[in-house]
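Take a look at the structure set out below.
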2 protein chains.
Amino acid sequence: MSDRPSGAKAGLTREKVLDAALDYIDAHGLPALSMRKLGAQLGVEAMSLYRHVPNKDALLDGLVDRVMQTAFGDLGEPVGGWAPWVRDFAHALRSALLAHPGVLPLAATRPVNSPEALRMSERWLAAMRTAGLPLGTALDLVNVIATFTIGHTLAEVGQTPGHEGTEPDLDQRAGELDPAEFPNLTEVIATRAGLDFDSRFTQAIDIIVAGYAAQAGV
Amino acid sequence: MSDRPSGAKAGLTREKVLDAALDYIDAHGLPALSMRKLGAQLGVEAMSLYRHVPNKDALLDGLVDRVMQTAFGDLGEPVGGWAPWVRDFAHALRSALLAHPGVLPLAATRPVNSPEALRMSERWLAAMRTAGLPLGTALDLVNVIATFTIGHTLAEVGQTPGHEGTEPDLDQRAGELDPAEFPNLTEVIATRAGLDFDSRFTQAIDIIVAGYAAQAGV
DNA sequence: CGAGTATTGCTTACGCTGTAAGCATCGTCA
DNA sequence: TGACGATGCTTACAGCGTAAGCAATACTCG
């Protein structure tokens, strides 16, 4: 069944499997990913993957972990005060999630509890604390920023033509919209007021950070 | 195969199918839902469901639509100014989502584009506008509130023992936590500072609403 | 170098999934 | 009474995740 010279190993590793899975999801979307197809992409049978990954769920967890770490990894130390650092984190997280839209539903659903994730959380809290934020406030802030970013990005990739044009979005059904019944929605389409994801996200993050800054009195 | 008196109809309707699906997900979790099991719950074969629902995806969309409408439906007119109305909406949405945690991943993933959803959006915009908010700001606000609420609620049900104890959460692995390596996390566990979902959500919503109020100069 | 062992991938198989196609039986109306 | 549309059942198929066992390689030690 294999087209390798009968006996030669493909040299799989957990990393290669994760890489291939990420590529496959980016190319064909999350629902299309199956162990058989992933194996085929690697020139290998499905069951061979199970030597490197305990099961499909663990594989997906690994993908989430990897994507999340790219967001944290790009961040340095909070030299210019905690506020800009938190804003940078939010934008880095959004970029990381947008880079792999297929993984986003997974990231939204599965809590990451890997040792690396714990280390990142610890780093977060330590940085915020040395910058003068109380511990509870710091934890609240990171959670609010992260959950908002995930929620916002979910809406963003769900609304854009993204990976599969299943449902017509607001723009596409603008023509069918009765201006008499939906005057405000019609005006939204016409003026495009409030339809810019980038500026909306930036503004909301600014508001959140400013709000916590005011509350912490910093 | 059926235990009905051979020929008697079960009297299915789309509504009954959706009801049963919601019940089943609440009881056994989203991944456990299959057309066969849902049919069994209704005393019917799987294929019978397809007379009332085009396919499983449409069924899931219907569930999201239904849950979302409960959040909007409970809301009256914004009599006391738009700010408390928006806060009420946020809390109502969170309650509606928490009431059916199994549907939450669906609600987060599938954009709702049903005519009812459009009507609700129109109502939202109209109410905010008559309360003095510019159109673009109103749309930004509703989107920020909705996406944050979804993101926050996702984290909430993902972290709590919820429906299936798959992964140990922070509390459960508190014992394995090395206080030397994770001083801040250890302190979080001990003091429970920043671990209250209710107050965190309320506070964040207050901050967001206040921020948009300040920006709109209202 | 040869022998033993651990690692890796393949084969087969099972129960489950969503759903297409066609049939049987019902309640309703002419 | 007869025809008809609506409803549910039966059968079937391709695909899924993965458990169990086998074959062949690469590595380690004498």
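Just so it is clear: chains get the letters A, B, ... in the order the sequence lines come, proteins before strands, and each one is counted from 1.
For the pair A/Leu38 CG and D/dG15 P, the interatomic distance rounds to 17 Å; values are reported in whole Å. As rounded to whole Å, 7 Å separates atom C1' of D/dC9 from atom CD of B/Glu45. Protein atom CZ of A/Arg51 is 14 Å distant from nucleotide atom P of C/dA6, rounded to whole Å.
For residues 48-59 of chain B, no pair satisfies side chain to side chain donor-acceptor pair (under 3.5 Å), with sequence neighbours left out. Listed by first and then second residue, the ring-ring contact (aromatic ring centres under 6.0 Å, His included) pairs that reach into residues 135-154 of chain B are B/Phe148-B/His152, B/Phe148-B/Phe201, B/His152-B/Phe197, B/His152-B/Phe201, sequence neighbours excluded.
For B/Arg200, the salt bridge (charged side-chain N to carboxylate O under 4.0 Å, His left out) partners two or more places apart in sequence, or in a different chain, are A/Asp140. Among residues two or more places apart in sequence or in another chain, the salt bridge (charged side-chain N to carboxylate O under 4.0 Å, His left out) test is passed with B/Asp19 by B/Arg66. The side chain to side chain donor-acceptor pair (under 3.5 Å) test applied to A/Asp65 returns A/Gln69, A/Ser114, not counting sequence neighbours.
Phosphate contact (OP1/OP2 of D/dG8, side-chain N/O of B/His52, threshold under 4.0 Å): present.
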Polar atom pairs (N or O), protein with nucleotides 16-19 of chain D, under 3.5 Å:
from: D/dC16; atom 1: OP1; to: A/Ser34; atom 2: OG; distance (Å): 2.9
from: D/dG17; atom 1: OP1; to: A/Lys56; atom 2: NZ; distance (Å): 2.7
from: D/dG17; atom 1: OP2; to: A/Met35; atom 2: N; distance (Å): 2.8
from: D/dG17; atom 1: N7; to: A/Arg36; atom 2: NH2; distance (Å): 2.5
from: D/dG17; atom 1: O6; to: A/Arg36; atom 2: NH2; distance (Å): 2.7
from: D/dT18; atom 1: OP2; to: A/Tyr50; atom 2: OH; distance (Å): 2.7
from: D/dT18; atom 1: OP2; to: A/Lys56; atom 2: N; distance (Å): 2.9
from: D/dT18; atom 1: O5'; to: A/Tyr50; atom 2: OH; distance (Å): 3.4

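Minimum heavy-atom separation, A/Ile25 to A/Val103: CG2-N, 4.2 Å.
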